[in-house]
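I have placed the structure first, in the form of structure tokens, so that the comments after it can refer back to it.
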Amino acid sequence: MILEQITEQLTETLTSRVLTLFGHAVDRIVLQAPPRLAMGDLATPLCLELAKALKRKPRELAEAMVSGLQLPMFVQSVTVEGAGYLNFRFDRGAFTAAHISNVMAPGAATGERVIVEHTNINPNKAAHIGHLRNAVLGDTYVRCMKWLGHRVETQNYIDDTGVQVADVVVAFQHLEPKSLAEVRAMTEDPSVRFDYYCWDVYSKMAAYYAENPEAQQWRRDTLHAIEKHEGDTFEFASTIARAIVKRHIATMLRLGITYDLLPKESDIIALHFWDRAFELLKSSGAVIQETEGKHKDCWVMKLDESAEFEGMNEPDKILVRSNGTVTYTGKDIAYQLWKFGLLDRTFNFRKFSTYDDGHILWETTSGEGDSNAPRFGGAQKVVNVIDVRQSYLQKVVKEGVRQLGHAREAENSIHYSYEMVALTPATAKALGIDVSEEDSKKPYIEMSGRKGLGVKADDLIDALQSKAAESVREGSKREGLTDADVDQLGREIAVAALRYFMLKYGRNKVIAFDFNEALTFEGDSGPYLQYSTVRVENIFRKMAERGVESKLDPASLDALTLNEGLTDEMWELVRLSAELPSAIRRATDALELSIITHDLFVLAQKFNSFYHKYPILNEKDPAERQRRAVCADVFRQTMRATLGLLGIPVPERM
RNA sequence: GCGCCCAUAGCUCAGCUGGAUAGAGCGUCAGCCUCCGGAGCUGAAGGUCGUAGGUUCGAAUCCUACUGGGCGCACCA
């Protein structure tokens, strides 16, 4: 916050000075921390850029800029260094005193309504680690956006009438027949892990289709029956979908991931969202019916003239099949329009469940709604967290919104794309999966629900949890810990390890999943951040226990005292802490949350180094102890707040 | 074939809109617990930033071509 203010003021000052001195207008000024602390706290290569335009030597320009330059508050000095950089140094004490009461202060409310859609797992099988990447990215993004002051609504779309659910229905009706009552009993039996059970059922069904292609008629009939509510097929599908969605919600809750609303595809159909969207698309000419060629009788969106789709063999996208049924993309356009409040109708809502903290999870319904439901939808910005492989579909959705004349909403339709989580051949073999000779040469193997190939989310969390609990038991400081405490710690550490693992890679990197890497609690990991935080909390706890004066009340902070003795190591903790808010802004703008984990890791490293070098509890000089304690406190506050944004809990001890 | 993405230390990755001497983690080697908790700290070794051109005062970063790998290009989602 304070750093952002300084940067803003310096930008203004420098811009106007360049204008008055040289009559030159600059449109942006790069101000960043120089590579080494000795070079100062902020620097700009401004004069190097100016040199060319003004045909003068950079250092000469720099000298002219510097003399008599009015410096903002907290900036103590400016020097010319290197080839002509302007380097600014802060008043460390004053900055620290101002920062400590302002660490990670949340942004003011912006009033902007943002819908974030994430998770979106087909409700026909257990969640796997690829789904975890999606949910962790989405949830962390939501937490950051809320911190920045936006009003965020989290939606988890349920495709309860799609092919994948239909295939499980087909399996229960044909492959290993079970009555609706039997299936329902299974979903209510706590000893059955229904999502795991369906994982196998689904892959068996897929294998059966491969062997018996004629069986695909079952799928078509089932899809039709679901859509038309014929017999008990719709009941079958919704029973299965509902039971599995509950499992997914429970799995994600283990990681602290929650939702506000579950929009269901069946309701989009029942409430005729598509029919309305279709009318709009037809009347605007965005879709037309082909009368010849291979798309004869289909309604398609013509995209061959759009620059976005240039060069594609077959850019046109079919929204309505020749048999009159709607594709997923068609429904998705209708859903997207609703999210922006551009469809002249809405869902009804009812409670799905209530989280322990009282937060209500709502679902859509085409039946009677709850009049107490909040108003969902109608956002200014919509962010869809979806795998990069669906980029084309997301572009079509965006284009559909644009062709209906909603240019601004199209621009604010953001596809938060990320690469898949794949398995290394070694991991796949370790899971007992048959790996073909060809596949074992690849760097990684794509997971496939169809083939039943993947690591289930709950299995990974279980493995992390038991490994973490084991480490706690082996730890030296576990006296007085009950079994319940150990379990609790194991859970918290597992969450940290997993969420950090999913966030630390850039979103365009394929994660080739490796158990050893995911299970690491050392070095660049979530537990390292937790451990560092537990350490700093311990210091303050012990100070309180032993009655050591820590003098942290703002009134007693003396900027000069601080300034005199703040070493580079101490100052670096403060400055890195002050840089985090802008890092979070950059991270959300670029949809690159790894920036946050990286910066936080660097900060924790600095702290651990500081920790070993500067004891606090045993420091006899009160002024020196206070300086150290202030820096430790800055770190403590930063970690508490930022780990919260990452969804990583801070344990009592480890 | 067309489009998107990836290529940086032995391995896994950072490197923010082009800026100062390219950095971490893991692994390897050498050290550090009578001292706030060793899931930690200190140090060492380890690099032609895939290749070749180009733009620029300045390129891992931007442009072009190429090489290797991945993913898309359904009347599936």
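All values below come from the heavy atoms of this structure, side chains included, with hydrogens, waters and symmetry mates left out.
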Re rC16(B): Watson-Crick or G-U wobble partner, both distances kept under 3.5 Å, found to be none
Determine whether any donor atom in the side chain of Ser322(A) lies under 3.5 Å from an acceptor atom in the base of rC75(B), or the reverse, and answer yes or no. yes
Considering every strand and a 4.0 Å limit on heavy-atom distances, what is the contact class for Thr327(A): base, sugar-phosphate, or nothing? sugar-phosphate
Heavy atoms only: give me the nearest Ala496(A)-Ile648(A) pair and the separation to one decimal. CB-CG2, 3.5 Å
Categorize Tyr500(A) for me: base, sugar-phosphate, or nothing, with a 4.0 angstrom heavy-atom threshold over every strand shown. nothing
So Ala43(A), base contact, sugar-phosphate only, or nothing? Heavy-atom distance under 4.0 Å. base
How close or far is atom C1' of rU12(B) from atom CZ of Phe515(A), stated in whole angstroms? 17 Å
Pairing partner of rU21(B) (Watson-Crick or G-U wobble, both distances under 3.5 Å): none
Taking the same atom, P, in rG50(B) and in rU12(B), what whole-Å distance lies between them? 14 Å
Look at all strands and tell whether Pro443(A) reaches a base, only sugar-phosphate, or nothing, counting heavy atoms closer than 4.0 Å. sugar-phosphate
Any side-chain donor near an acceptor of the partner, Ser532(A) and Asn608(A), under 3.5 Å: yes
Could you identify the nucleotide paired to rU64(B), looking across every strand shown and requiring Watson-Crick or G-U wobble geometry with both distances under 3.5 Å? rA52(B)
In whole Å, I'd like the distance from the CG atom of Leu50(A) to the P atom of rG58(B). 17 Å
Is Glu592(A) touching bases, backbone alone, or none of the nucleic acid, heavy atoms closer than 4.0 Å? nothing
Return the 5'-most residue of the pair Asn508(A), Val320(A) with respect to RNA chain B, ranking by each residue's nearest nucleotide. Asn508(A)
Reckon Arg59(A) has a side-chain N or O less than 4.0 Å from the OP1 or OP2 of rA20(B)? no
Can you check whether Ile226(A)'s main-chain N or O pairs, donor with acceptor, with Thr161(A)'s side chain at less than 3.5 Å? no
rG25(B) phosphate, OP1 or OP2: any side-chain N/O from Lys504(A) under 4.0 angstrom? no
How far does the C1' atom of rA24(B) sit from the matching atom of rC41(B), given to the nearest Å? 16 Å
Nearest listed nucleotide, side chain of Arg389(A), among rC71(B), rU17(B), rA39(B): rC71(B)
Please report the C-alpha distance between Tyr202(A) and Asp167(A) in whole Å, then the side-chain angles of each, then the deciding distance to 0.1 Å, and finally whether the side chain to side chain donor-acceptor pair (under 3.5 Å) criterion is met. CA-CA 7 Å; Tyr202(A) 177 57; Asp167(A) 281 348; 4.5 Å; no
Partner nucleotide, any strand, of rG40(B) [Watson-Crick/G-U, under 3.5 Å]: rC32(B)
Separation of Trp299(A) atom CH2 from rA74(B) atom C1', in whole Å? 21 Å
Gap in Å between the two P atoms, one belonging to rG40(B) and one to rA45(B), rounded: 23 Å
For atom P, what is the distance between rU61(B) and rA77(B), given to the nearest Å? 41 Å
If only side-chain N and O atoms of His295(A) are considered, is one of them under 4.0 Å from the OP1 or OP2 phosphate oxygen of rC75(B)? yes
NA contact type, Asp387(A), heavy-atom cut-off 4.0 Å: base, sugar-phosphate, or nothing? nothing
Categorize Lys509(A) for me: base, sugar-phosphate, or nothing, with a 4.0 angstrom heavy-atom threshold over every strand shown. sugar-phosphate
Is it the case that the base of rG37(B) and the side chain of Asn538(A) share a donor-acceptor contact (distance under 3.5 Å, atom types as modelled)? yes
Distance, C1' atom - from rU8(B) to rG23(B), rounded to whole angstrom: 10 Å
Less than 4.0 angstrom between a side-chain N/O of Tyr528(A) and OP1 or OP2 of rC41(B), yes or no? yes
Between rG58(B) (P) and Lys52(A) (NZ): distance, integer Å: 10 Å
When you check the phosphate oxygens OP1 and OP2 of rA14(B), does a side-chain N or O of Ser594(A) lie under 4.0 Å from one of them? no
Just how far is it from atom CG of Leu617(A) to atom CD of Glu619(A), taken to the nearest 0.5 Å? 11.0 Å
Test: Glu399(A) and Lys302(A) ion pair at under 4.0 Å: no
Taking only the C1' atom of each, what is the distance from rA14(B) to rU55(B) in whole angstrom? 27 Å
Only pairs with both distances under 3.5 Å count, Watson-Crick or wobble alike; so what is the partner of rG1(B) in this structure? rC73(B)
Can you find a side-chain donor-acceptor pair between Gln390(A) and Asn384(A) that sits under 3.5 Å? no
Could you tell me which nucleotide pairs with rC26(B) by Watson-Crick or G-U wobble geometry, both distances under 3.5 Å, or answer none if nothing does? rG10(B)
Check the phosphate of rG38(B) against Arg535(A), side-chain N and O only, distance under 4.0 Å to OP1 or OP2. Yes or no? yes
Among side-chain atoms of Ser582(A) and Glu4(A), is any donor-acceptor pair under 3.5 angstrom? no
Would you mind reading off the distance between Tyr202(A) atom OH and rA77(B) atom P, rounded to a whole angstrom? 12 Å
Donor-acceptor side-chain pairing of Thr79(A) and Glu81(A) below 3.5 angstrom: yes
When the P atoms of rG54(B) and rU17(B) are compared, how many Å lie between them, rounded to an integer? 26 Å
By the 4.0 Å heavy-atom rule, please label Tyr505(A) as base, sugar-phosphate, or nothing. sugar-phosphate
Does a donor on one side chain and an acceptor on the other come within less than 3.5 Å for Arg541(A) and Asn538(A)? yes
Taking atom types as they are modelled, would you say the side chain of Arg586(A) forms a donor-acceptor pair with the base of rU17(B) within the 3.5 Å cutoff? no
Just the rounded figure in Å: distance from C1' of rA39(B) to CG of Leu489(A). 12 Å
With sugar-phosphate meaning primed atoms plus P, OP1 and OP2, does Leu48(A) contact a base, only sugar-phosphate, or nothing at under 4.0 Å between heavy atoms? base
Using whole Å, what does the distance between atom C1' of nucleotide rG37(B) and atom CG of Asn618(A) come to? 14 Å
Which part of the nucleic acid does Phe601(A) contact within heavy-atom distance under 4.0 Å: base, sugar-phosphate only, or nothing? sugar-phosphate
Interatomic distance at P, rC2(B) relative to rG46(B), whole Å: 44 Å
Could you tell me whether Arg541(A) contacts a base, only the sugar-phosphate backbone, or nothing, with contacts defined as non-hydrogen atoms closer than 4.0 Å? nothing
Assert: residue with more 5' nearest nucleotide on RNA chain B, out of Met39(A) and Met420(A), is Met39(A)
Across the strands shown, which category fits Gln530(A) at heavy-atom distances under 4.0 angstrom: base, sugar-phosphate, nothing? nothing
Nearest-Å distance, CD1 (Ile596(A)) to P (rG15(B))? 13 Å
Conformer about C1'-N of rC33(B) - syn within 90° of 0, anti elsewhere: syn
Check every atom of rA20(B), rA24(B), rA39(B) against the side chain of Gln605(A) and return the nucleotide holding the closest atom. rA24(B)
Between rA39(B) and Tyr531(A), is there an OP1 or OP2 to side-chain N/O distance shorter than 4.0 Å? yes
So, is Gln32(A) near the phosphate of rA20(B), with a side-chain N or O under 4.0 Å from OP1 or OP2? no
Using a 4.0 Å heavy-atom cut-off across all strands, classify Asp332(A) as base, sugar-phosphate, or nothing. nothing
